[in-house]
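Shown next, in structure tokens, is the structure this report addresses.
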Amino acid sequence: MSSLAATGDAVEATEFPIPAGVFAETVTSVKHYTDRLFAFRMTRPASFRFRSGEFVMIGLPNAAKPVYRAYSIASPAWDEELEFFSIKVPEGPLTEHLQKIQPGDTVLMRKKPTGTLVHDALIPGKRLFLFSTGTGIAPFASVIRDPETYEKFDQVILTQTCRENAELNYGRELVENTRTDELMSEFVGDKLMFHASATREGETRGERVTTLIENGKLFSDLGIPPLDPATDRGMICGSMAMLREIEGLLQARGFEEGANNKPGTYVVERAFVD
Ligand code: A2P
């Protein structure tokens, strides 16, 4: 893929004009974690503002009418670049191309961020649980790097369930970097916990987060009390099936769903895939 020629002369047949009303940003780095997952960073428009946990529509300048897909912004609001964590879907309309991007390439981004995995949609509490599977960790990569998260909560518990061990490396690096980051470490202190399980290999085989909530192992592993709606708040991001199951577990314990216009004790967003 090539970035766009600014002038009309000698434009190759494979190049398309940037559509009106979208940002055209430049990829600054790409990191592949497995043959199914990769992360990339790109420039951030000076005028672009978002709340940690929100998503935007992303596309490529590779067609007259580009295909856009929802992507959670994985970087925090203070970061001068934007970061995304993506699945690679074979023959996925966007990701089969997006997975090939290189630094210097152009990525399109619609201007308006939105989403429910935001502090505004939760009533105040003491512990914040962030439940994710696969790329569902992306919005939480933003939330755990937001100082406001640690101003609002005494403890932040991030969980990620993936099929394979190597798929957990983005989260592991993220948590380690957040704890040691010069800016963030002061806010984070020892408040951030991470529970990762690979369901199809190793010691954690079969340990979906849902199972770990039900049998209590999530809490005994971390040495913390079980879920309590009086003190705890939840954010959930994963597949439809995972969302439904975790919602069921939370509702059974007395949690109530929140929204931007009506904060509650938990919020949900589907991890968007192609
Ligand atoms: P499993 O290996 O038991 O299917 P996927 O790539 O299919 O989205 O799955 C990502 C991770 O989410 C896998 O570890 C998978 O476990 C797990 N998972 C799938 N469905 C659910 C669910 N309903 N609740 C909790 N975890 C789930």
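Numbering of ligands and ligand atoms starts at 1, following listing order. Hydrogens, waters and symmetry mates are skipped; everything else that's a heavy atom, side chains included, is used. Note that the structure is predicted; figures quoted are calculated from it, not measured.
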Who passes side-chain hydrogen bond (donor to acceptor under 3.5 Å, both in side chains) against Gln99, sequence neighbours left out?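 For Gln99, no residue satisfies side-chain hydrogen bond (donor to acceptor under 3.5 Å, both in side chains) once neighbours in sequence are set aside.
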Of all residues at least two apart in sequence or in a different chain, which pass the side-chain hydrogen bond (donor to acceptor under 3.5 Å, both in side chains) check with Tyr33?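 With neighbours one apart ignored, the set is Glu173.
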Can you list the residues that meet the salt bridge (charged side-chain N to carboxylate O under 4.0 Å, His left out) rule with Asp228, with sequence neighbours excluded?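 Salt bridge (charged side-chain N to carboxylate O under 4.0 Å, His left out) list for Asp228, sorted by chain: empty.
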Using heavy atoms and a cut-off under 4.0 Å, could you grab the residues that are in contact with ligand 1, chain by chain, numbers ascending?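 Lining ligand 1 at under 4.0 Å, by heavy atoms, one finds Arg36, Thr133, Thr161, Cys162, Arg163, Thr199, Arg200, Arg208, Thr210, Ala241, Met242, Glu245.
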Check the side chains of His119 and Ser52 for a donor-acceptor pair under 3.5 angstrom, ignoring hydrogens and angles.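 No.
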Can Met184 and Trp78 be said to form a side-chain contact (heavy atoms from CB on, under 4.5 Å), step by step? CA-CA 11 Å; Met184 285 307 300; Trp78 51 261; 3.9 Å; yes
Lys/Arg N to Asp/Glu carboxylate O, Glu176 vs Arg172, below 4.0 Å: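 Salt bridge flag = no for Arg172 with Glu176.
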